[in-house]
Protein chains: 2
Amino acid sequence: MPTTTAPEIYDPYRVCPSRQLLDRIGDRWTVLIIGVLEDGPQRFSQISRRIDGISQKMLTQTLRSLEADGLVTRTVFPEVPPHVEYELSELGRTLLEPLAILRAWAVDHMDEVAAARTAAAA
Amino acid sequence: MPTTTAPEIYDPYRVCPSRQLLDRIGDRWTVLIIGVLEDGPQRFSQISRRIDGISQKMLTQTLRSLEADGLVTRTVFPEVPPHVEYELSELGRTLLEPLAILRAWAVDHMDEVAAARTAAAA
DNA sequence: CAGGATCCTGGCGGATACTG
DNA sequence: CAGTATCCGCCAGGATCCTG
């Protein structure tokens with residue numbers, strides 16, 4: 001292909017890293033888990049109990065992803081019965097403020113969204 | 001039920017409005033579309049051409065949702081052939097900054113995430 | 001207690017064809 | 001041009017059972 005310089009094409013998978021971030025935080029559980037871990041290190045079962053409706057599978061899976069992304073650290077205490085703690089990494093904590101800002105937007109504007117929604121339904 | 005005061009249970013569907021927001025922006029297309037509309041009003045086919053890989057179905061569906069949420073306005077010009085323009089509403093524009101902050105986080109930190117990921121893969 | 005392994009289903013989203 | 005309608009594959013994610 002010659003340099004047709006097609007200017008502003010946004011491929012969702014090649015577009016900026018933000019797509020990957022949105023994939024991360026867009027799923028149902030990531031942000032909830034980060035929210036729980038904001039209170040400090042937590043054990044698997046603690047997190048599980050504090051997030052209503054999450055399955056072990058999803059908790060495990062999401063924690064593994066968060067760990068792989070370097071956002072959460074996993075510490076195993078060599079005890080029996082097993083004792084594992086999850087904690088926000090330094091990198092993970094840098095994400096707290098952007099999320100707080102997003103949450104603030106939601107709190108500030110979701111009533112307008114709700115109003116628009118019911119108006120649209122009419 | 002007596003007041004057992006179960007303290008910190010996060011139900012993803014009843015938890016703060018942020019869950020709804022995350023559902024919105026978590027899908028594949030919403031943020032891309034908002035990004036395109038950031039440049040001003042656009043026609044259906046313009047948006048379509050600027051977002052690689054989106055189907056008419058998803059473009060229509062996402063635009064309808066954005067419209068129902070009051071984030072985007074839809075203007076039909078009574079012409080033939082049809083001419084429809086989509087534009088960010090005032091409410092929609094208030095979302096730009098939070099998204100920009102998120103994008104900034106991604107740009108600043110996604111290389112660390114990528115590094116953590118490849119390290120985890122090893 | 002922390003999770004691995006399996007099975008199974010809903011619905012997200014793509015492809016295609018048709019219309020005002 | 002800007003959609004609607006329909007069919008369908010795929011896999012995220014829940015339920016369940018099992019183990020170190």
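What you see is a predicted model; the values in this text were computed from it and never measured.
- Nearest nucleotide to the side chain of B/Trp29, out of D/dG14, C/dG14, C/dG3: C/dG14.
- Minimum heavy-atom separation, B/Arg19 to A/Ile25: NH2-O, 4.4 Å.
- Distances shown here put every side-chain N or O of B/Tyr86 at or beyond 4.0 Å from the OP1 or OP2 atom of D/dC1.
- A residue-by-residue look at B/Gln46 and A/Ser55 shows that B/Gln46 has its nearest nucleotide of DNA chain D further toward the 5' end.
- Distance CD (A/Gln61) to P (D/dA15): 15 Å, rounded to an integer number of Å.
- Two residues, A/Ile54 and A/Pro82, neighbour DNA chain D, and the one matched to the more 5' nucleotide by heavy-atom proximity is A/Ile54.
- Spacing between atom CG of B/Asp23 and atom P of C/dG13 amounts to 11 Å, rounded to whole angstrom units.
- Across every non-hydrogen atom of B/Asp69 and A/Arg117, the tightest pair is OD1-NE, 3.0 Å.
- For D/dA2, the OP1/OP2 oxygens have no side-chain nitrogen or oxygen of B/Arg64 closer than 4.0 Å.
- B/Arg93 places a side-chain N or O within donor-acceptor distance of the main-chain N or O of B/Leu88, the cut-off being under 3.5 Å.
- Regarding B/Glu85, its CD atom lies at a distance of 12 Å from the P atom of D/dG3, rounded to whole Å.
- Listed candidates were D/dA2, C/dG13, C/dG3. Nearest to the side chain of B/Ser45 is D/dA2.
- When rounded to the nearest whole Å, the span between NE2 of B/His83 and P of D/dA2 equals 7 Å.
- In this structure, B/Asp27 places its CG atom 10 Å from P of C/dC12, rounding to the nearest Å.
- Considering only side-chain N and O atoms, A/Arg28 lies nowhere under 4.0 angstrom from the phosphate OP1 or OP2 of C/dC12.
- Rounded to the nearest 0.5 angstrom, A/Gln56 CD and A/Phe44 CZ are separated by 6.5 Å.
- Atoms CD (B/Gln56) and P (D/dG3) sit 11 Å apart, rounded to a whole Å.
- The distance between atom CZ of A/Phe44 and atom P of D/dT19, rounded to the nearest whole Å, is 18 Å.
- Taking both residues in full, the closest heavy atoms of A/Ser48 and A/Ile54 are given as O-CG2, 4.1 Å, listed atom of the first, atom of the second, then distance.
- Residue A/Arg43 places its side chain closer to C/dC1 than to any other of C/dC1, D/dC17, D/dA2.
- When distances run from any side-chain atom of A/Lys57 to the nucleotides D/dC1, D/dA15, C/dA15, the shortest one goes to D/dA15.
- Between the P atom of D/dC1 and the CD atom of B/Gln42 lies a distance of 15 Å, rounded to the nearest Å.
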